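Being a predicted model, the structure only gives us computed values, none of them experimental. Positions are given from 1, in the same order as the sequence printed here.
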Amino acid sequence: MSRIASGLRAWVVQRATAVYLGIFGTYLLLHFVFDWPTSHAELQGWVAHPVVALGLLLFIPALLLHAWVGIRDVLMDYAKPVAIRVAALWLVAIIFIASGLWAAQAILLARMG
């Protein structure tokens, strides 16, 4: 694949995830402004709702993918030594994978509990 196609794919991913993050982020903001949960049990019940859980389970990878594309582009542009760039990308990837798994686990446990 050419570098142009790779850059185009990153641009499309960045824009598509931004649209979802904007729409779902607006929903989250409006929900918490107008219907603030008064207890942990109420918040857990809201997260356990199938539509909300699905939205959050889509939100997590969209957020991480959006951040990955941005951080990857910054590192590719400004981390000139290849070893530093590769190490930084691996570190970010491990942190993102661990964060995504942790967040998905929290949502799925709220769904079960």
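Considering every non-hydrogen atom in both A48 and A110, the closest pair reads CB-O, 3.4 Å. Here the closest heavy-atom approach between residue L75 and residue A88 is recorded as CD1-CB, 3.8 Å. Residues Q14 and H66 approach most closely at OE1-O, 3.1 Å, considering heavy atoms. A53 and R111 make their closest contact through CB-CD, 3.6 Å (heavy atoms, listed as atom of the first residue, atom of the second, distance). Nearest heavy-atom pair, A10 versus R72, reported as atom, atom and distance to 0.1 Å: CB-NH2, 3.3 Å. Contact detail for A62 and Y20: the closest heavy-atom pair is CB-CD2, 4.0 Å.
The hydrophobic cluster containing V47 also contains L54, counting ILVMFWY residues as joined when their side-chain heavy atoms lie under 4.5 angstrom apart, directly or transitively. Under a hydrophobic-cluster definition in which Ile, Leu, Val, Met, Phe, Trp and Tyr are linked whenever side-chain heavy atoms come within less than 4.5 Å, directly or via other members, L28 and L21 are assigned to the same cluster. Residues F24 and W36 share a single hydrophobic cluster, defined by chaining ILVMFWY side chains whose heavy atoms lie under 4.5 Å apart. Note on V33 and L30: same hydrophobic cluster, where clusters join Ile, Leu, Val, Met, Phe, Trp and Tyr whose side-chain heavy atoms are under 4.5 Å apart, directly or indirectly. Under a hydrophobic-cluster definition in which Ile, Leu, Val, Met, Phe, Trp and Tyr are linked whenever side-chain heavy atoms come within less than 4.5 Å, directly or via other members, F32 and L56 are assigned to the same cluster.
Distance CG/D73 to CG/D77: 6.5 Å, rounded to 0.5 Å. Taken to the nearest 0.5 Å, the CD1 atom of I60 stands 13.5 Å off from the CG atom of L65. Note that CG of L64 and CD1 of I97 are 9.5 Å apart. Values are rounded to the nearest 0.5 Å.
At a threshold of 4.5 Å between non-hydrogen side-chain atoms, the residues I23 and F59 do not count as touching. Two residues are said to be in side-chain contact when any heavy atoms from C-beta on lie closer than 4.5 Å; T17 and V69 fail this criterion. Residues F96 and I71 meet the side-chain proximity criterion, which asks for heavy atoms closer than 4.5 Å.
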Run the side chain to side chain contact (heavy atoms under 4.5 Å, CB included) check on L57 and L108 step by step: do they pass?
CA-CA 9 Å; L57 286 172; L108 294 174; 4.0 Å; yes

